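Here's the structure, in structure tokens; my notes come after.
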Amino acid sequence: MTRIITIDGPSGSGKGTISRLLARRLGWHMLDSGALYRVLALAAGRAGIDPDRAAELADLARNLNLEFSGEKILLDGEDVSRLIRTESCGNAASKVAAVPEVRAALLDWQRACAKEPGLVADGRDMGTVVFPRADVKIFLTASPEERALRRYKQLKEKGLDANLSNLVAEIRERDDRDRNRSVAPLKAPAAALEVESTALSIDEVLEQVLEQVKKTFPDLQIPECD
Ligand code: DC
């Protein structure tokens with residue numbers, strides 16, 4: 001069985017950063033499941049399909065011509081890595097992600113990412129639905145204000161437009177939608193290690209996660225930081 005670590009949590013909790021650093025450190029594969037929903041939202045917008053047209057959305061999801069190439073995400077060969085990181089695309093992603101048919105259509109695709117030597121899977125339902133038998137489950141949280149501030153800095157660094165109070169409101173709204181939807185709602189998986197990161201640095205969060213990984217895989221060789 002391929003070793004799997006799931007990192008779930010709300011938007012802006014730092015899952016993406018921690019998952020990427022962890023996957024790099026271990027030399028494992030990484031699944032950014034949020035990017036899948038973001039690309040689907042982008043493709044649906046371009047095709048003029050609204051989130052209430054479930055069957056068409058699921059069809060689109062099954063036929064997405066998607067490729068992860070290093071840090072780049074290609075849709076029909078076009079690099080959409082930057083386009084999918086906007087707040088509006090994140091909000092649209094949250095809407096398509098609430099459609100049960102869409103989630104079902106993307107399940108096999110996500111599970112196929114579990115390959116040797118191991119997978120770090122980042123999302124909302126990685127430990128609950130997609131990989132319920134994962135070896136290590138982490139649930140990463142932070143206050144909405146802190147998450148909005150982190151997102152604000154990220155967007156500014158990328159030269160994108162951002163407004164802090166709008167971001168707080170949008171994060172709360174997205175949390176609500178992600179936690180209260182009927183399929184695969186955002187919640188801590190059973191037996192997950194919960195890490196509350198509001199007052200922690202990235203290194204401190206990574207340290208806590210690595211401790212858990214070492215406990216689970218005592219024989220795993222983990223290279224020191226480079
Ligand atoms: O993590 P993110 O912000 O890139 O995710 C974008 C949206 O996709 C988020 O609002 C919820 C949804 N999502 C989901 O429902 N399930 C996942 N496993 C990952 C993301």
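Read the numbers this way: they start at 1 and go in the same order the structure lists the ligands and their atoms. Predicted model, so just to flag it, every value in this text is computed and none were measured.
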Margin query: If you count every heavy atom of other residues, nucleotides or ligands that lies below 6.0 Å from N180 atom CG, does the total exceed 12?
Written below: yes
Notebook entry, point to check: How close does the nearest protein non-hydrogen atom get to atom 7 (C) of ligand 1, and which residue and atom is it?
Noted result: A93 CB, 3.7 Å
Margin query: Please list, in number order, the atoms of ligand 1 under 4.0 Å from a heavy atom of S33.
Written below: 17 (C), 18 (N), 19 (C)
Checklist line | Matching residue for S197 among T141, L140, I18, I202 - test: side chain to side chain contact (heavy atoms under 4.5 Å, CB included) | finding: L140
Check: Looking at S11, which atoms of ligand 1 are within less than 4.0 Å of one of its heavy atoms?
Finding: 3 (O)
Note to self: What protein heavy atom lies closest to atom 20 (C) of ligand 1? Include the residue and the distance to one decimal.
What the structure shows: G34 CA, 3.5 Å
Item checked: Any donor-acceptor N/O pair, S143 side chain to E146 backbone, under 3.5 Å -> yes
Margin query: Out of all atoms in ligand 1, which are within 4.0 Å of some heavy atom of R174? Include the element for each.
Written below: 3 (O), 10 (O)
Next item on the list: May I ask you to list the atoms of ligand 1 that are less than 4.0 angstrom from any heavy atom of R181?
Entry: 14 (C), 15 (O), 16 (N)
Checklist line | Pair S201, D203: side-chain N/O donor-acceptor within cut-off below 3.5 Å | finding: no
Notebook entry, point to check: How close does the nearest protein non-hydrogen atom get to atom 3 (O) of ligand 1, and which residue and atom is it?
Noted result: R38 NH2, 2.9 Å
Notebook entry, point to check: Donor-acceptor pair, R3 side chain versus P117 backbone, under 3.5 Å?
Noted result: yes
Next item on the list: Look only at the side chain of E211 and the backbone of V213, and say whether a donor-acceptor pair between them is shorter than 3.5 Å.
Entry: no
Check: Just by modelled atom types, is the S13 backbone N or O under 3.5 Å from a matching donor or acceptor in the R150 side chain?
Finding: yes
Margin query: Please confirm whether R103 approaches ligand 1 to less than 4.0 Å, judged on its heavy atoms.
Written below: yes
Notebook entry, point to check: How are the rings of F217 and W28 set to each other: parallel, tilted or perpendicular (split at 30° and 60°)?
Noted result: perpendicular
Next item on the list: Would you check the N or O atoms of R124, main chain and side chain alike, for any that come under 3.5 Å of an N or O of ligand 1?
Entry: yes
Margin query: Looking at D125, is its backbone amide N or carbonyl O close enough to the side chain of D8 to form a donor-acceptor pair, meaning the two atoms are under 3.5 Å apart?
Written below: yes
Next item on the list: Name the closest protein heavy atom to atom 8 (O) of ligand 1, giving the residue it belongs to and the distance to 0.1 Å.
Entry: Y37 CB, 3.7 Å
Next item on the list: Below 4.0 angstrom from a heavy atom of M126, which ligand 1 atoms are there? Numbered from 1 as shown, please.
Entry: 18 (N)
Margin query: I need the atoms of ligand 1 closer than 4.0 Å to a non-hydrogen atom of D178, numbered in the order shown.
Written below: 9 (C), 10 (O), 11 (C)
Check: At a 4.0 Å cut-off, with the gap strictly under it, does some heavy atom of K15 reach an atom of ligand 1?
Finding: yes
Notebook entry, point to check: With P10, which of R179, R172, K15, R174 fulfils side chain to side chain contact (heavy atoms under 4.5 Å, CB included)?
Noted result: R179
Note to self: Suppose we measure from atom 12 (C) of ligand 1 to each protein heavy atom; which comes out shortest, and what is that distance?
What the structure shows: A97 CB, 3.7 Å
Notebook entry, point to check: Quick one: which ligand 1 atoms are inside 4.0 Å of a heavy atom on R151?
Noted result: 3 (O)
